[in-house]
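See below for the structure under consideration.
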Amino acid sequence: MKYIDEYRNKKLAGVLSKKIKEIMPLSGIRLMEVCGTHTHNFFRFGLDKILPQSLKLISGPGCPVCVSPQEYIDKALSLVKNKDVIIATFGDMIRIPGTSSTLEKERARFGNVRAVYSPLDSLQLAKNNPDKKIVFLGVGFETTIPTIAISILLAKKEKLKNIYFLNSLKLIPPALDFLMKDKSVEIDGFLCPGHVSAIIGTNAYEFIPRKYKIGCCIAGFEPLDILEGIYLLVQQKVRKKAKVLNQYSRVVTSLGNKRALGIIKRVFTIKDSSWRGLGIIPGSGLEVRKELSCFDADKHFSLKTCIEKSGHKKTRCRCGDVLKGKIQPDECRLFRRLCTPENPYGPCMVSNEGACNAYYKYH
């Protein structure tokens, strides 16, 4: 298959659906689709309506906006009040709730928050505003991280002195390991993200079948990609042969993108990281290397101290349980009642890739 339409062929989707139903065990199966784009397209294309009810697709932590912790937003909010600073960030981040406000509300007061499409846009913003300090909010997984790393290297090459990166970058494999160690989380297999896997390769998931005896399948994002990935996972479960399979072989290799991985390693070192709703996950984050720390907003603005004083606002939002697959979005008492895309209580409703947002639109 070469073209988009072929990956959306309804007849072939019906064939795959039938094959899944034929091998589906009576006891049922719970699969986690790690990536928010998988979640979104699963409902957008109505795949939930052609699969057996005993097959449960549960959402995972693969939406970068959803897992950005409250204290990270608080750091950004503390900078908004500085008239010498311009915050540059992706559109979804503007609406994520911090402890007391959002960047969207503060933008109305101070006017110094700009939505950008790429971290590279923030470099141009720095050149256009030499009397301001530009702070780019760096969030994302292995897919986005190389571009942020390149932006930092370009800032160094062009000797920019007024740009900083406030990073909350996350690594997917440690998060999956963390979930599997939680005995309250029930997962029979992972539908792994195609774009992250294009960077890290299939080998990055080998620890999952080896340690936890469940299968993984890397899948693309079109309907037939997702259905075939599900079929391969169900097949593994039935045959009791857990391993890493690659449905997205037209893009993903076993070793990943060596050049991108090299750029990441050149700019960042691994550290523990806080995930919204999940807590601290060892070895799941990145920080700028010491030799490039002049671009690290955390260090330049000494943000740690002000955040320790801010505390956390407790709400009834259950995004954390959604991200662990413990509940479906509509099991949260706020869903559709108080929490909507127009008035989101949590990041899973804010982000276009969030599970709650997908449920609200399509379920």
Side-chain angles (χ1 to χ4, degrees), residues 64-65 67-94 96 98-104 106-107 110-141 144-171 263-264 266-276 284-310:
V65 171
V67 297
S68 296
Q70 189 167 292
E71 59 265 30
Y72 176 72
I73 303 300
D74 287 345
K75 286 182 181 180
L77 290 170
S78 73
L79 289 171
V80 171
K81 298 169 186 172
N82 187 334
K83 63 180 181 181
D84 294 325
V85 168
I86 296 175
I87 301 288
T89 186
F90 301 125
D92 282 355
M93 291 297 295
I94 292 175
I96 301 293
T99 300
S100 59
S101 186
T102 66
L103 287 171
E104 185 178 45
E106 298 307 305
R107 179 172 62 178
F110 300 102
N112 56 348
V113 179
R114 311 281 175 85
V116 295
Y117 293 103
S118 162
L120 295 171
D121 294 340
S122 62
L123 301 186
Q124 191 59 49
L125 204 56
K127 294 174 189 173
N128 294 342
N129 297 273
D131 58 330
K132 299 287 187 182
K133 294 181 177 181
I134 311 302
V135 178
F136 177 76
L137 305 188
V139 300
F141 301 117
T144 313
I145 293 169
T147 311
I148 295 174
I150 287 172
S151 300
I152 293 173
L153 292 175
L154 281 175
K156 181 186 178 186
K157 183 180 178 181
E158 298 181 18
K159 299 180 180 178
L160 296 177
K161 303 293 185 186
N162 64 330
I163 184 163
Y164 307 91
F165 293 80
L166 182 59
N167 291 320
S168 180
L169 303 173
K170 312 292 187 194
L171 303 175
I263 291 171
I264 293 173
R266 190 174 157 194
V267 175
F268 297 109
T269 58
I270 291 176
K271 67 168 187 176
D272 298 345
S273 184
S274 175
W275 296 55
R276 189 184 286 239
S284 67
L286 295 173
E287 66 179 345
V288 177
R289 285 187 176 279
K290 188 176 180 181
E291 55 269 31
L292 293 166
S293 61
C294 59
F295 299 108
D296 189 334
D298 258 314
K299 291 184 171 60
H300 179 81
F301 294 98
S302 301
L303 293 173
K304 185 177 178 182
T305 303
C306 78
I307 297 312
E308 285 174 345
K309 294 177 182 176
S310 71

Interatomic distance, CZ@R266 vs CD@E291, rounded to 0.5 Å, equals 10.0 Å
What one should report as the nearest heavy-atom pair of I134 and A126 is CG1-CA, 3.5 Å
Nearest heavy-atom contact between L77 and G98 is CD1-CA, 4.2 Å
Between V65 and M93, is there a side-chain heavy-atom distance shorter than 4.5 Å? yes
Sorted by chain and number, sequence neighbours left out, side-chain contact (heavy atoms from CB on, under 4.5 Å) with K133 holds for V85, Y164, H300, F301
Taking atom CD1 of I270 as the centre, report whether more than 12 heavy atoms of other residues, nucleotides or ligands fall under 6.0 Å from it.
-> no
With no hydrogens and no angle check, is any side-chain donor or acceptor of N167 less than 3.5 Å from a backbone partner on L286? no
side-chain contact (heavy atoms from CB on, under 4.5 Å) assessment of V267 paired with R289: CA-CA 6 Å; V267 175; R289 285 187 176 279; 5.9 Å; no
Indicate every side-chain donor-acceptor pair of residues 151-159 with a distance under 3.5 Å to a residue at least two apart or in another chain.
{"unit_1": "S151", "atom_1": "OG", "unit_2": "T147", "atom_2": "O", "d": "2.8"}
{"unit_1": "E158", "atom_1": "OE1", "unit_2": "K127", "atom_2": "NZ", "d": "2.7"}

Residue set satisfying side-chain contact (heavy atoms from CB on, under 4.5 Å) with S273, at least two apart, ordered chain then number -> K170, W275, S284
Item checked: Contact check, side chains of L303 and L166, non-hydrogen atoms, under 4.5 Å -> yes
The salt bridge (Lys or Arg N to Asp or Glu O under 4.0 Å) partners of K299 (sequence neighbours excluded) come to D296
When rounded to the nearest 0.5 Å, the distance separating CG of L79 from NZ of K81 is 10.5 Å
E287 meets the salt bridge (Lys or Arg N to Asp or Glu O under 4.0 Å) criterion, sequence neighbours left out, with none
I'd like to check L160 versus L123 (side-chain heavy atoms, cut-off strictly below 4.5 Å). Are they in contact?
yes
Taken to the nearest 0.5 Å, the spacing of I148 CD1 from I263 CD1 works out to 13.0 Å
**Message:** Counting C-beta onward and ignoring hydrogens, is there a side-chain heavy-atom pair between V139 and Y72 closer than 4.5 Å?
**Reply:** yes
One should read off an interatomic distance between E71 CD and R276 CZ, to the nearest 0.5 angstrom, of 8.5 Å
Looking only at heavy atoms, the pair that brings L171 and G285 closest together is CD1-O, 4.2 Å
Q) Do F136 and F90 pass the side-chain contact (heavy atoms from CB on, under 4.5 Å) test, and can you show the C-alpha distance, the side-chain angles, and the key distance before you say yes or no? A) CA-CA 9 Å; F136 177 76; F90 301 125; 3.7 Å; yes
Across all chains, not counting sequence neighbours, the salt bridge (Lys or Arg N to Asp or Glu O under 4.0 Å) partners of D92 are none
Distance col, row I73:CD1 vs T99:OG1, nearest 0.5 angstrom, shows 10.0 Å
Contacts of T102 meeting side-chain hydrogen bond (donor to acceptor under 3.5 Å, both in side chains) (sequence neighbours excluded), chain-then-number -> none
Residues at least two apart in sequence or cross-chain that pass side-chain contact (heavy atoms from CB on, under 4.5 Å) with V80, listed by chain then number, are I87, L103, E106, F110, N112, V113
D131 meets the side-chain hydrogen bond (donor to acceptor under 3.5 Å, both in side chains) criterion, sequence neighbours left out, with none
Contacts satisfying side chain to side chain donor-acceptor pair (under 3.5 Å) that involve residues 114-125 (not counting sequence neighbours) are Q124-N128
Here the pair of heavy atoms bringing G140 nearest to P64 is CA-CB, 3.6 Å
Hits for ring-ring contact (aromatic ring centres under 6.0 Å, His included) against F268, two or more places apart or cross-chain, chain-then-number order -> none
In this structure, CG of L292 is separated from CZ of F165 (nearest 0.5 Å) by 10.5 Å
